[in-house]
There are 2 protein chains.
Amino acid sequence: MTTDGDELLAERLKEHGLRVTPQRLAIYRALVATAEHPTAQMLYERLQPALPSLSQATVYNSLQALVACGLVHELGDAGDGALHYDADLSPHLNLVCTRCHRIEDFFDPSLALVDSAVNSTSGYRIMGARLVYYGLCAACQAAPAGAASTAP
Amino acid sequence: MTTDGDELLAERLKEHGLRVTPQRLAIYRALVATAEHPTAQMLYERLQPALPSLSQATVYNSLQALVACGLVHELGDAGDGALHYDADLSPHLNLVCTRCHRIEDFFDPSLALVDSAVNSTSGYRIMGARLVYYGLCAACQAAPAGAASTAP
DNA sequence: TTTTGTGCAAACGTTTTGCAATTAT
DNA sequence: ATAATTGCAAAACGTTTGCACAAAA
């Protein structure tokens, strides 16, 4: 591999006629660095210290650009009304805890079977996927009230 | 089976301490009757002729009630920014056309494998799922510009 | 009768947009 | 140089909510 994250970003952006800006780089890096599936708002707050001039609009716009380039997946909302994003493009599914709104990844070989079934028999030209199971994570099952280890 | 759709609705609503209203019945029937995965707005417009007094708030509220009872699944948005709903609860995935925003169903035996993998190894108590593949439907692949057979 | 749901309109929070200044190419 | 992107603020959008009336239990 000759392409680390930054180079991949630059390459893909250029492929799509888009410019490489520090904001896009920062947003992409933040997304690659975390396993938390953040929202635009979360990214905005997280990047604020490093890029004090960053605006919310730019976060939203940049995420759109990254999604358009196929560098990032939009995960939909997790019961909190905001869209979550993920830079992990490997075929996996998300486990969304409806109590604490956390999103975990889940990998299983059976996913490959679904993938090939869809690709071979749906008639669609597939561009992406989002596989989500909703439920209560182990922590929230154990906790009686709103005692999830991160956010209630 | 002794329960047709209406009876199932009544039963489930009562189970959850909710009342059986004509609006909820109409919304549920409309959802069962169509394979279109409509949004709240679409349902509102569709039911307007039959229930002229129906309000948008009631559509939104009723959909929440139906989801809470497990009678209907919330499908997320299809690139049009609005939530879609489905009364077909059988394990299947949705094919979302990102050009015409149509949602199709897709069934395959491999889905059962994923299901059992998630249930047995995730540690989550699963309450629901949404499996979506995004891409271009056959019609939109064939059409050069915005010539989808229903909505561009 | 008592409690829940409806309908209306106003509020909410997320996301998008118009525009001038800035910056990547 | 030139066209795209940023940042700001205001708008737009889907959705939710407060309240009085109506209706289900």
Side-chain angles (χ1 to χ4, degrees), chain A residues 6-7 9-28 37-48 50-69 71-72 74-85 101 151, chain B residues 6-7 9-28 30 37-48 50-69 71-72 74-85 101:
Chain A
D6 292 3
E7 286 173 20
L9 176 77
E11 184 190 304
R12 289 291 188 81
L13 284 171
K14 285 173 188 165
E15 256 173 49
H16 289 253
L18 300 170
R19 293 179 180 175
V20 182
T21 67
Q23 291 85 346
R24 286 172 180 172
L25 184 60
I27 291 167
Y28 182 61
H37 314 283
T39 63
Q41 195 62 233
M42 291 162 83
L43 287 166
Y44 172 67
E45 287 161 12
R46 197 162 305 181
L47 294 171
Q48 197 74 317
L51 288 83
S53 77
L54 181 68
S55 72
Q56 309 205 46
T58 297
V59 178
Y60 285 101
N61 289 337
S62 298
L63 285 169
Q64 278 187 180
L66 296 177
V67 170
C69 294
L71 286 159
V72 159
E74 189 181 84
L75 301 185
D77 85 302
D80 52 1
L83 300 174
H84 292 248
Y85 293 86
H101 302 153
Chain B
D6 292 3
E7 287 173 21
L9 176 76
E11 184 189 304
R12 290 291 188 83
L13 284 172
K14 284 174 188 166
E15 256 173 50
H16 289 253
L18 300 171
R19 292 181 179 175
V20 182
T21 67
Q23 292 85 347
R24 286 172 179 173
L25 185 59
I27 290 166
Y28 183 60
H37 314 283
T39 63
Q41 194 61 233
M42 291 162 82
L43 287 165
Y44 173 67
E45 286 161 12
R46 197 163 305 180
L47 294 171
Q48 197 76 316
L51 287 83
S53 78
L54 182 67
S55 73
Q56 309 205 47
T58 297
V59 178
Y60 284 102
N61 290 335
S62 298
L63 285 169
Q64 278 186 181
L66 296 176
V67 169
C69 293
L71 287 158
V72 160
E74 190 181 83
L75 301 185
D77 85 302
D80 51 2
L83 299 175
H84 292 248
Y85 293 86
H101 302 153

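Note that the coordinates shown come from a computational prediction; the quantities given were computed from them, not determined experimentally. Below, each value reflects all heavy atoms present in this structure, side chains not excepted, and no hydrogens, waters or symmetry copies. Reminder, nothing fancy here: chain letters follow the sequence lines and each chain counts from 1.
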B/Gln64 CD to D/dT17 C1', straight-line distance once rounded to whole Å: 11 Å
Where B/Cys69 and B/Leu13 come nearest, the two heavy atoms and their spacing: SG-CD2, 3.8 Å
Non-hydrogen atoms of B/Leu51 and B/Ala26 that approach each other most closely: CD1-CB, 3.9 Å
DNA chain C contacts made by residues 51-59 of chain A, counting heavy atoms under 4.0 Å: A/Ala57
Base of C/dT4 paired with side chain of B/Arg19 (donor-acceptor, under 3.5 Å): yes
Length of the line joining A/Leu63:CG and C/dT14:P, which is rounded to integer Å: 14 Å
Minimum heavy-atom distance between B/Ser62 and B/Arg24, given as atom pair plus value: OG-CG, 3.7 Å
Phosphate OP1/OP2 of D/dT5 contacted by A/Gln23 side-chain N/O (<4.0 Å): no
First encountered from the 5' end of DNA chain D, between B/Pro22 and B/Leu83: B/Leu83
Whole-Å distance separating the CG atom of A/Asp80 from the C1' atom of D/dT16: 15 Å
Closest-nucleotide 5' rank along DNA chain D - winner of B/Lys14 and B/Ala82: B/Ala82
Nearest-0.5 Å distance that lies between atom CD in B/Gln64 and atom CG in B/Leu18: 11.0 Å
Interface residues of residues 37-44 of chain A with DNA chain C (non-hydrogen, below 4.0 angstrom): none
Nearest-Å distance for atom pair CD/P, residues B/Glu11 and D/dA25: 14 Å
Short side-chain N/O contact from A/Tyr60 to OP1 or OP2 of C/dT16, under 4.0 Å: no
Closest listed nucleotide, where the reference is the side chain of A/Arg24 and the choices are D/dA23, C/dG7, D/dT6: D/dT6
Euclidean distance, A/His16 NE2 relative to A/Leu71 CG, rounded to 0.5 Å: 7.5 Å
Nearest heavy atoms of B/Leu83 and B/Asp77, plus distance in Å: CD2-N, 4.3 Å
For atom CG of A/Leu25 and atom P of D/dT6, their distance in whole Å: 12 Å
Sugar-phosphate, base or nothing in reach of B/Asn61, heavy atoms under 4.0 Å: base
B/Leu43 to B/Pro38 - nearest heavy-atom pair and separation: CD2-CG, 3.8 Å
Value in whole Å for how far the P atom of D/dT16 lies from CD of B/Glu74: 8 Å
Under 3.5 Å side-chain donor-acceptor pair for B/Gln48 and B/Tyr44: yes
Whether A/His37 side chain and A/His84 backbone form a donor-acceptor pair below 3.5 Å: no
Closest to the A/Thr21 side chain, choosing from C/dA24, D/dT16, C/dT16: C/dA24
Side-chain heavy-atom pair B/Val72, B/Ile27 within 4.5 angstrom cut-off: no
B/Leu18 side-chain proximity, nearest of D/dT6, C/dG7, C/dG5: C/dG5
